[in-house]
Amino acid sequence: MQDALRPRVIGGPGPADPTTVAGLDVAYHEDGDRLAAAIVVLDTRTHEVRDTAVVQGKPSFPYIPGLFAFREIPALLEALEKLTVRPDVLICDGHGLAHPRRFGLACHLGVLTGLPSFGVGKTPLIGTWTPPADRRGARSDLVDAGEVVGAVLRTRQAVKPVFVSVGHRMDLDTACALTLTLTPRFRLPETTRAADRACRDALISTPRT
DNA sequence: GCGACAG
DNA sequence: ATCTTGTCGC
């Protein structure tokens, strides 16, 4: 399925001046039988929350490296339908092009929604790289099979870098610039942090349905 | 065959 | 992802 959908990915450039950016994330209950997906739309400049959508559900697919999207996409698409604000960019918790078949979660969501997207991963899935300089904004190429599939970006000095890769209708420079704009204080983008908080809270505030 | 392996 | 334990720093 990934090989079939990959041709539908459209390359950059990404939006020149996106007004809103959305963070997407999914949290799982420790019993492994319940999950919550959240999407939080922020104003790109002020980081003010413009919209939030949270849905609960059950995992329908196991976690398998390389097939991660099939586990989280169902709930994320449901949450997307509940949004009243159409975000200009989707920022995913995971990779885009930096995937064995060049079709990670960010690419998959971008193709299904038609929206520009990119991924910001906390750990690598594929590729090799040299550590970027120890200062915010420093970056190095993430290379796999001889091609640059993403960037290793330092969002905070003296903190582990993040892995940025394009999804759909996006270019790496725009993705890295947006990531830096969204990390004024912490390692991860405010979008990701807001979505992580939202789905985690939803999972706890609703012990049973 | 062995090791790696987004969340 | 989630959990635990321990350390460092503001």
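Proteins get letters first, then strands, A, B, ... in listed order; numbering begins at 1 in each. All values below were derived from every heavy atom in this structure, side-chain atoms included, with hydrogens, water molecules and symmetry-related copies excluded.
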Verify side chain to side chain contact (heavy atoms under 4.5 Å, CB included) between A:Val41 and A:Val49, making sure each step is shown before the conclusion.
CA-CA 6 Å; A:Val41 181; A:Val49 177; over 6 Å; no
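- Around CZ of A:Arg86, the count of heavy atoms belonging to other residues, nucleotides or ligands within 6.0 Å exceeds 12.
- Atom CZ of A:Arg185 and atom P of C:dC10 are 12 Å apart (whole Å).
- A:Leu80 pairs with exactly one of A:Ile73, A:Leu112, A:Thr113, A:Val55 by the side chain to side chain contact (heavy atoms under 4.5 Å, CB included) rule, that one being A:Thr113.
- Heavy atoms of other residues, nucleotides or ligands lying less than 6.0 angstrom from CZ of A:Arg8 number 12 at most.
- Within a 6.0 Å radius of CZ in A:Arg197, other residues, nucleotides and ligands contribute 12 heavy atoms or fewer.
- Between A:Leu172 and A:Ser165 the shortest heavy-atom distance is CD1-CA, 4.2 Å.
- Base pairing in DNA chain C yields no stem of at least 3 consecutive Watson-Crick or G-U pairs with both distances under 3.5 Å.
- Per the geometry, CG belonging to A:Leu203 stands 8 Å off P belonging to C:dT2, to the nearest Å.
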Protein within reach of the bases, or only the backbone? For nucleotides 2-7 of chain B, mark each nucleotide 5' to 3' as B, S or -, using heavy atoms under 4.0 Å.
---BBB
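- Each of A:Leu115, A:Ile39, A:Leu42 was scored for a side chain to side chain contact (heavy atoms under 4.5 Å, CB included) with A:Pro87, with one residue passing: A:Leu115.
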Verdict with supporting geometry, A:Phe118 and A:Ile91, side chain to side chain contact (heavy atoms under 4.5 Å, CB included):
CA-CA 5 Å; A:Phe118 67 91; A:Ile91 301 180; 3.6 Å; yes
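- Cation-pi geometry between A:Arg193 and A:Phe186 is met: under 6.0 angstrom from the ring centre, within 45 degrees of the axis.
- Taken together, the pairs of DNA chain B form no segment extending over three or more consecutive Watson-Crick or G-U pairs closer than 3.5 Å at both contacts.
- Ring geometry for A:Phe70 against A:His108 counts as perpendicular: the plane angle is over 60°, on a 0 to 90° scale with 30° as the lower cut.
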